[in-house]
Number of protein chains: 2
Amino acid sequence: MATMKDVARRAGVSTATVSRVLNGHSAPTPETRARVLAAVEALEYRPNVLARSLRVHSTQTLGLVISDLLNPFFAEIARAVEDEARKHGYVVIFGNADENVEQQERYVRTLLDRRVDGLLVCPATDDDGWVSEVSARNVPLVLLDRRIDVGGAPVVNADGAAALRELAAHLVKLGHRRIGVISGPEDTSTGRERLHAFNDALRSLGHPVAPDLVTHGDFRRRSGADAASWLLGRPEPPTVLVAMDNLMGLGALEELRRLGRRIPDEVGLAIYDDQPWFPLFEPAITVVAQPTEEMGGAAVRSLLALINGEQPAEVHLDARLIVRASCGERL
Amino acid sequence: MATMKDVARRAGVSTATVSRVLNGHSAPTPETRARVLAAVEALEYRPNVLARSLRVHSTQTLGLVISDLLNPFFAEIARAVEDEARKHGYVVIFGNADENVEQQERYVRTLLDRRVDGLLVCPATDDDGWVSEVSARNVPLVLLDRRIDVGGAPVVNADGAAALRELAAHLVKLGHRRIGVISGPEDTSTGRERLHAFNDALRSLGHPVAPDLVTHGDFRRRSGADAASWLLGRPEPPTVLVAMDNLMGLGALEELRRLGRRIPDEVGLAIYDDQPWFPLFEPAITVVAQPTEEMGGAAVRSLLALINGEQPAEVHLDARLIVRASCGERL
DNA sequence: GCCGTGCGTGTATTCGATTACACGACCCGG
DNA sequence: CCGGGTCGTGTAATCGAATACACGCACGGC
């Protein structure tokens, strides 16, 4: 691989001049410029990013730690993040935390060691041990999807309260009174907030959720199936299941199929997070959809603002209800 | 951030000694070692990976270029790759080519510029312009899923021939004679190979595919829907649709739903690639499943072997047929 | 008492860029 | 004709580690 020195030699100038030409600095003569560019061409010179980064303390790299790449919600986020980052000339390094705090912490450290210019994290849980390390190295940090109580880091997420209110009204209107909730973990903000928003909505409609019909999963498929199984085994089983995440929803659906329950006649189902295949189920699934693409894009933009020393921008988008057929029409 | 020099000063030794302790080199005295480690601890020293990489010409980083992160097949691959890489102490940088040759080429270049130690590519098409650049910088390369004719680079993929033979037999046994095929692009190895294997199988069963029932999509959802629409509009429409990729399969299913065709009574459907939700459709979808996890893992292992100067290992795993209900039971 | 040997450590170079500073050429005003 | 400004370019330090080589010291054999 040709280095800058080689280019300089061939163009008959110093490396400083080569650097200036390549970075559009100050003003080398048009002739010098041409000679340098010719040499670059001839030698197929490509700058060594490592050397440059070492010198200028910036890697044009963003770190993204997500909970689970196999969760289509996070895959969409990852995709959007990568897309927006690329538009701004940044590259993204991903880390998969697997909904696991230790692995998340390891990855944060790895990414910091790689000298990312900024960090995007979808926290696995409320645990914030890793944050101190990030701020100690003062690397800009943006929290994505899930919030944790930590000073300074802006949060980009989708607010589901309004959509959940609509969902509650929808279910009540259809005559559902025993509503089973498959909530996320209590130690995640999304787990808590969705449940509370939904509870509040039902209460204000005069139909508070029965406490024995609320279960907590872990945002994974298996836990959704288990929760559904448990809920349907109650003495007075629910007439509809609300899963607060797409994987748990999938698990619940799986269990309903396994038990042979007809949807929505025997049990209704609503899921938080939309997926391209949800409309294709029989019946099509009623969902609360999050604007994943916008979330990813906004998160990157907030992070870049932070990196450029600008005001950190908090962004709260709105989730929205998409009524399909899976909750029935029992007016 | 503390540097090695700081550690050296605090421990009263030279940076060379610090380096030796940290890398387990030769043999510093136990006492020196202890002093150095204490200093490292006290200063919370973390080595600068950039500097190290610059010096030793190795970044412990792998590049992965995939066609589409939103395609669950590739998401699974990405996940598996990241997992295996981490086990070996490597970090993965992803690039999303979006089934787009130029973007793929740009990403390959970006990853090379980042000095990845090895490159894993799922080629978007047969185009191999980018390969020369990789070999020019002699960076180890492993092709994943799709093959292109290029010397040297080992391929890791799944062979679907046997499974497609089984599928052909299954369909014929169920009485299907007009079989519509939604194939992948002709300029991808997977597109060609799956179609040819399936054709061969049917021919040898005495029921060759009617040429007017073969269409080519682009491995995306939309093209699957269009293809299904076209096939079902033929004068003598097929009694079953075979989609050679999960996204096109989803598109075909979407179109069948839109047209209100009952599956499998009016039209059957089989899809190449399994997905967790395919068994949950009504009826459950018959599929050819690829061992994605093994593919990702094997690809990483082959790449690491190459990096270590060992023999490049080609790996061909087997896809397998999973019969469910979507092709009917019309014996 | 001398010399080789081996071991632990330090000195100084290197990886490949960026950039502060200095220098020489040239032009212009007084 | 000389002092000062501008402009283009080169010199050399720097980023933070790894490592070739050299050095000093202790030890053992003759």
Side-chain angles (χ1 to χ4, degrees), chain A residues 1-40 43-61 89 110 112-117 137-139, chain B residues 1-40 43-61 89 110 112-117 137-139:
Chain A
M1 286 280 331
T3 75
M4 205 149 171
K5 218 148 112 187
D6 302 323
V7 174
R9 186 159 350 133
R10 188 174 226 273
V13 298
S14 74
T15 60
T17 300
V18 176
S19 174
R20 282 189 276 254
V21 169
L22 261 30
N23 295 299
H25 261 314
S26 61
T29 291
E31 297 92 79
T32 327
R33 170 179 225 77
R35 281 223 312 289
V36 169
L37 291 177
V40 165
L43 297 173
E44 295 186 321
Y45 167 74
R46 308 243 76 208
N48 184 323
V49 179
L50 295 168
R52 171 169 218 290
S53 296
L54 177 61
R55 185 63 234 255
V56 303
H57 301 284
S58 138
T59 53
Q60 298 289 104
T61 303
T110 302
L112 290 177
D113 283 350
R114 300 264 163 172
R115 297 298 196 272
V116 293
D117 291 345
R137 305 217 205 167
N138 53 356
V139 169
Chain B
M1 285 283 329
T3 75
M4 206 149 168
K5 220 149 107 187
D6 302 323
V7 175
R9 187 158 351 135
R10 189 174 226 275
V13 299
S14 75
T15 61
T17 300
V18 175
S19 174
R20 281 189 277 255
V21 169
L22 262 31
N23 295 300
H25 260 313
S26 62
T29 291
E31 297 92 79
T32 328
R33 172 180 224 75
R35 282 223 311 290
V36 169
L37 291 178
V40 164
L43 297 173
E44 294 186 321
Y45 168 73
R46 308 243 75 207
N48 185 323
V49 179
L50 295 167
R52 172 169 217 288
S53 295
L54 177 60
R55 184 63 232 259
V56 302
H57 301 285
S58 138
T59 53
Q60 297 288 105
T61 303
T110 303
L112 290 176
D113 282 350
R114 300 263 161 172
R115 296 299 198 271
V116 293
D117 290 346
R137 305 216 205 168
N138 51 357
V139 170

Any side-chain N or O of [X] less than 4.0 Å from the OP1 or OP2 oxygen of [N]?
{"X": "A:Thr3", "N": "C:dG16", "result": "no"}
{"X": "A:Ser14", "N": "D:dT9", "result": "no"}
{"X": "B:Thr17", "N": "C:dG10", "result": "yes"}

Legend entry - Heavy-atom donor-acceptor pair, B:Arg55 side-chain to D:dA17 base, under 3.5 Å: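 No.
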Legend entry - D:dG10 base / A:Arg20 side chain donor-acceptor hit below 3.5 Å: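 Counting by modelled atom types and ignoring angles, a donor-acceptor contact under 3.5 Å is found here.
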Legend entry - Given D:dA17, C:dT19, D:dT19, the nucleotide with the shortest approach to the side chain of B:Ser19: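 So the side chain of B:Ser19 is nearest to D:dT19.
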Inset, instruction - Go through D:dT9, C:dG16, D:dG16 for me and flag the one nearest to the A:Pro28 side chain. - result: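 That would be D:dT9.
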Tell me what [X] touches on the nucleic acid: a base, only sugar-phosphate, or nothing, going by heavy atoms under 4.0 Å.
{"X": "B:Arg46", "answer": "sugar-phosphate"}
{"X": "A:Val13", "answer": "sugar-phosphate"}
{"X": "A:Val49", "answer": "nothing"}

In whole Å, I'd like the distance from the [atom1] atom of [X] to the [atom2] atom of [N].
{"X": "A:Arg52", "N": "D:dG16", "atom1": "CZ", "atom2": "C1'", "result": "17 Å"}
{"X": "A:Arg114", "N": "D:dG16", "atom1": "CZ", "atom2": "C1'", "result": "16 Å"}
{"X": "B:Met1", "N": "D:dC15", "atom1": "CE", "atom2": "C1'", "result": "13 Å"}
{"X": "A:Asn23", "N": "D:dG8", "atom1": "CG", "atom2": "P", "result": "17 Å"}
{"X": "A:Leu22", "N": "C:dT18", "atom1": "CG", "atom2": "C1'", "result": "12 Å"}
{"X": "B:Arg9", "N": "D:dG16", "atom1": "CZ", "atom2": "C1'", "result": "13 Å"}
{"X": "B:Leu54", "N": "D:dT19", "atom1": "CG", "atom2": "C1'", "result": "14 Å"}
{"X": "A:Leu50", "N": "D:dA18", "atom1": "CG", "atom2": "P", "result": "14 Å"}

Inset, instruction - Assign each of B:His57 and B:Thr29 to its nearest nucleotide of DNA chain C by heavy atoms, then name whichever residue's nucleotide is nearer the 5' end. - result: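 Result: B:Thr29.
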Inset, instruction - Specify the residue among A:Thr15 and B:Thr32 whose closest nucleotide of DNA chain C lies further upstream toward the 5′ end. - result: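 The residue mapped nearer the 5' terminus is B:Thr32.
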Legend entry - Within-4.5 Å side-chain heavy-atom neighbours: B:Arg20 and B:Pro28: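 They are in side-chain contact.
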Legend entry - Any B:Thr32 side-chain heavy atom under 4.5 Å of B:Val21 side chain: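 When only atoms from C-beta onward are counted, B:Val21 and B:Thr32 do not touch, as no gap falls below 4.5 Å.
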Legend entry - B:Thr15 to B:Ala8 - nearest heavy-atom pair and separation: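 So the two residues come closest at N-CB, 3.7 Å.
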Legend entry - For the student: nearest non-hydrogen atoms of B:Thr59 and A:Arg114, plus distance: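 Between these two residues, the closest heavy atoms are O-NH1, 2.9 Å.
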Legend entry - B:Asp6/B:Met1 under side chain to side chain contact (heavy atoms under 4.5 Å, CB included): CA gap, chis, key distance, verdict: CA-CA 10 Å; B:Asp6 302 323; B:Met1 285 283 329; over 6 Å; no
